[in-house]
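Just below is one structure, and these are the notes that go with it.
Lettering of chains follows the sequences in order, A, B, ..., and the numbering in each one begins at 1.
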Amino acid sequence: AQKITQTQPGMFVQEKEAVTLDCTYDTSDPSYGLFWYKQPSSGEMIFLIYQGSYDQQNATEGRYSLNFQKARKSANLVISASQLGDSAMYFCAMRGYSGGGADGLTFGKGTHLIIQP
Amino acid sequence: IAGITQAPTSQILAAGRRMTLRCTQDMRHNAMYWYRQDLGLGLRLIHYSNTAGTTGKGEVPDGYSVSRANTDDFPLTLASAVPSQTSVYFCASRGLAGSNEQFFGPGTRLTVL
């Protein structure tokens with residue numbers, strides 16, 4: 001079984017500051033992938049970034065980076081220079097690659113990020 | 001570019017009624033998924049299909065059924081709706097092997113009274 005834990009139900013951050021959203025995970029799969037999605041108030045799910053468990057370097061996508069610490073089983077999302085448009089729910093998710101069966105994503109409960117001007 | 005479309009956008013349904021949520025993708029993705037999103041619980045996998053003609057159960061399959069007659073369509077059916085099935089339902093798809101990103105539809109907001 002896989003489990004994702006996001007311990008920050010909500011966060012308030014000043015505009016232009018960097019933000020770190022916490023995510024820890026648990027899995028028995030030797031190979032897995034970690035994802036972050038953004039859900040604005042309009043409701044759609046927007047893919048932000050992906051990290052494979054065997055990737056040597058931390059993933060980066062524009063202002064988003066994933067701080068992957070495999071030994072600690074953490075996959076924190078870092079948003080640099082936050083903007084008002086970053087206000088949204090953020091979900092950490094994982095997918096195991098054990099082969100066969102369900103390969104859908106397991107999601108955390110989310111962090112509600114509010115960027116203040 | 002449509003990506004994934006879902007219908008209806010929202011629906012209010014009486015308990016006991018049958019309801020089918022529609023999902024269509026035009027990306028020729030093999031894998032498709034249905035999730036439900038409930039406040040404070042994140043998204044949970046209901047059913048999935050790795051390719052046309054095959055389906056499987058996710059984390060919360062009870063009360064739901066799916067079919068995958070072709071690559072593009074993946075309908076979700078509630079045979080006899082109950083109030084606990086009030087939720088937002090997301091359909092998603094993933095491309096060929098080696099592709100990691102799951103693309104999500106806009107969601108269907110379902111209320112069962």
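- Heavy atoms only, all atoms of each residue included: B:F90 and A:M45 are closest at CE2-CG, 4.1 Å.
- Of the two parts of A:Q39, only the side chain, counted from C-beta on, holds a non-hydrogen atom closer than 4.5 Å to a non-hydrogen atom of chain B.
- The local environment of NZ in A:K70 is crowded, with over 12 non-hydrogen atoms from other residues, nucleotides or ligands closer than 6.0 Å.
- In this structure, CD in B:Q37 is found 4.5 Å from CZ in A:F91, a value given to the nearest 0.5 Å.
- A heavy-atom distance below 4.5 Å is not found between the side chains of B:R44 and A:T106.
- Environment of CG in B:L39: sparse, with no more than 12 heavy atoms of neighbouring residues, nucleotides or ligands closer than 6.0 Å.
- Annotation: the span from A:F107 atom CZ to B:L45 atom CG amounts to 9.5 Å, rounded to 0.5 Å.
- For A:Q57, the CD atom sits in a loose shell: 12 or fewer heavy atoms of surrounding residues, nucleotides or ligands are nearer than 6.0 Å.
- Hydrophobic clustering of Ile, Leu, Val, Met, Phe, Trp and Tyr side chains at less than 4.5 Å, counting indirect connections, unites A:L48 with A:Y32.
- Remark: side-chain polar atoms of B:Y35 are paired, donor with acceptor, to backbone N or O of A:L105 under 3.5 angstrom.
- Residues A:Y50 and B:Q102 fail the side-chain proximity criterion, which asks for heavy atoms closer than 4.5 Å.
- B:F103 is not connected to B:V66 by any chain of hydrophobic side-chain contacts under 4.5 Å among Ile, Leu, Val, Met, Phe, Trp and Tyr, and they are in different clusters.
- For B:F104 and A:Y37, the ring centers are positioned less than 6.0 Å apart.
- Within a 6.0 Å sphere centred on CG of A:L84, heavy atoms belonging to other residues, nucleotides or ligands number more than 12.
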